[in-house]
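The structure appears right after this line, and notes come after that.
If you're wondering where the values come from, they're calculated on a predicted model, not measured in any experiment.
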2 protein chains.
Amino acid sequence: MPRRNMSKTDNITFGEYIRTLRGNSNLPLRKVAAELDIDTSTLSKIEKNERNANEQIIDGISRIFHIDKSELKVRYLSDKITYQLQDEENGLEILKAAEARIKYQQRVISK
Amino acid sequence: MPRRNMSKTDNITFGEYIRTLRGNSNLPLRKVAAELDIDTSTLSKIEKNERNANEQIIDGISRIFHIDKSELKVRYLSDKITYQLQDEENGLEILKAAEARIKYQQRVISK
DNA sequence: TTCGCCTTGGCATATTTTGTCCAAAGTTAA
DNA sequence: TTAACTTTGGACAAAATATGCCAAGGCGAA
């Protein structure tokens, strides 16, 4: 079965991703953190996936680096889910089941 | 596109599912809770998806009702994920991204 | 009515997450 | 090397969440 193409940034974590953005813009943590109105060390930890981001932070990042907000959100949440399933035997099966449920809900809601 | 067959229990919540199991066996909360070594009210809440289950409880349920443990786990965790994505615009996209990540990890690990 | 079963709400406790500060460590340039 | 700047990790209290437990109330069947 053919494998879908993957962009270079598809398999990096959310933290790695936003650190890359910051690096590309040559901005220190200090500046970005100030813009986001959070502590420098908090941002550092978010970049190292040691703290959660939140809506406010995702908003800020998307604004600062002109990244589509929903793309960022997808990255963030898929990261979180991936992490949750890290040690599960049946990660893929679990995701498939969740998918089916969500599709089902969408069908039901749209009625 | 053809729709996959769905068993009747595929789109009920974890809570609804274990309540069904209990109902089919005609067991009161009291008995099952005792067997699981938790409070009756806790089990009631789990059945109503107002409290989390945990490994111990999943173990117990699978033992009591002779349900495959990994099936139960899939139900429980997919439920949880579905709930997390409840209010997200891009639920399916998020799941797809998570899937890709997990597949990628499996490929990398297996090297 | 009583009885058994289930649900609910309320705690107090425990656990997790968050925000913050600061000192130490790392980096870069002169 | 020093000096300036950046990043990191630990500690801490406060806030938010989760858990275990109990008492009161609701409901249906006998």
Side-chain angles (χ1 to χ4, degrees), chain A residues 12-65 72-73 75-88, chain B residues 12-65 72-73 75-88:
Chain A
I12 63 178
T13 64
F14 178 76
E16 286 163 353
Y17 179 65
I18 66 176
R19 172 153 294 192
T20 301
L21 291 177
R22 188 170 63 82
N24 291 343
S25 303
N26 264 71
L27 290 170
L29 282 172
R30 181 174 49 83
K31 291 236 181 194
V32 177
E35 190 71 27
L36 296 173
D37 195 27
I38 60 176
D39 194 85
T40 307
S41 93
T42 300
L43 182 54
S44 167
K45 283 163 191 165
I46 292 171
E47 289 186 347
K48 307 183 84 215
N49 303 301
E50 290 167 3
R51 285 261 175 139
N52 290 328
N54 60 33
E55 195 78 16
Q56 173 222 331
I57 289 169
I58 290 176
D59 275 12
I61 299 279
S62 99
R63 188 167 32 75
I64 295 170
F65 299 110
L72 260 184
K73 242 181 166 171
R75 275 180 184 281
Y76 176 64
L77 291 172
S78 64
D79 227 48
K80 240 183 147 172
I81 288 174
T82 301
Y83 179 74
Q84 283 180 81
L85 298 180
Q86 200 70 275
D87 300 321
E88 288 304 326
Chain B
I12 63 177
T13 64
F14 178 78
E16 286 164 354
Y17 179 65
I18 66 176
R19 172 152 294 190
T20 302
L21 291 177
R22 187 170 63 82
N24 290 343
S25 303
N26 264 75
L27 290 170
L29 280 174
R30 181 173 47 82
K31 292 236 181 195
V32 177
E35 190 71 28
L36 296 173
D37 194 28
I38 60 176
D39 194 84
T40 308
S41 88
T42 300
L43 182 54
S44 168
K45 285 165 188 165
I46 291 171
E47 289 186 348
K48 308 183 84 216
N49 303 301
E50 289 167 4
R51 287 256 174 144
N52 291 327
N54 60 31
E55 195 79 17
Q56 173 222 333
I57 289 168
I58 290 177
D59 275 13
I61 300 280
S62 98
R63 187 167 34 75
I64 296 169
F65 300 110
L72 259 185
K73 243 182 165 172
R75 276 181 183 280
Y76 176 64
L77 290 173
S78 65
D79 226 49
K80 246 187 143 169
I81 287 174
T82 302
Y83 180 74
Q84 282 181 76
L85 298 181
Q86 201 70 273
D87 300 320
E88 288 304 324

Query raised in the report: What is the distance from atom CZ of A/R19 to atom OG1 of A/T13, rounded to the nearest 0.5 Å?
Result: 10.0 Å
Query raised in the report: Hey, does the side chain of A/K48 come within less than 4.0 Å of D/dG9's phosphate (OP1/OP2), counting only N and O?
Result: yes
Report task. Would you mind telling me which residue lines up with the more 5' stretch of DNA chain C, A/N52 or B/T40, judged by nearest nucleotide? Result -> B/T40
Query raised in the report: Counting just side-chain N and O atoms, does A/S41 come under 4.0 Å of either OP1 or OP2 of D/dT8?
Result: no
Query raised in the report: Between C/dG19, C/dC5, C/dT7, which nucleotide gets closest to the side-chain atoms of B/L29?
Result: C/dT7
Query raised in the report: Quick one: which of D/dC21, C/dC21, D/dT8 gets closest to the side chain of B/K45?
Result: D/dC21
Query raised in the report: For the pair made of CG in A/N54 and P in D/dA15, what is the distance, rounded to whole Å?
Result: 17 Å
Report task. Could you grab the distance from atom CD of B/Q56 to atom CD1 of B/I61, nearest 0.5 Å is fine? Result -> 10.0 Å
Report task. Provide, to the nearest angstrom, the distance between the CD atom belonging to A/E47 and the P atom belonging to D/dT8. Result -> 7 Å
Query raised in the report: Could you give the CG-to-P distance, from B/D39 to C/dT13, as a whole number of Å?
Result: 17 Å
Report task. With rounding to the nearest 0.5 Å, note down the distance linking CG in A/L36 to CZ in A/R63. Result -> 7.5 Å
Query raised in the report: Atom CG of A/N49 to atom C1' of C/dT18: distance rounded to whole Å?
Result: 17 Å
Query raised in the report: Separation of B/L43 atom CG from D/dC22 atom P, in whole Å?
Result: 16 Å
Query raised in the report: Which comes earlier along DNA chain D counting from the 5' end, the contact point of A/R51 or that of A/L27, where each point is its nearest nucleotide?
Result: A/L27
Query raised in the report: Within the structure, does a side-chain N or O atom of B/R19 lie under 4.0 Å from either OP1 or OP2 of C/dT7?
Result: yes
Query raised in the report: Between B/E50 (CD) and C/dG10 (P), how many Å, whole number?
Result: 13 Å
Query raised in the report: Quick one: is C/dT7 close enough that its OP1 or OP2 comes under 4.0 Å of any side-chain N or O from B/S44?
Result: yes
Requested in this report: Any chance you could measure A/I81, atom CD1, to B/L77, atom CG, to the nearest 0.5 Å?
Outcome: 11.5 Å
Requested in this report: Please state how far atom CG in B/N26 lies from atom P in C/dC6, giving the value in whole angstrom units.
Outcome: 10 Å
Requested in this report: Find the distance between CZ (A/R22) and CG (A/L27) and round it off to the nearest 0.5 Å.
Outcome: 8.0 Å
Query raised in the report: Taking atom C1' of D/dA18 as reference, at what distance in whole Å does atom OH of B/Y83 sit?
Result: 13 Å
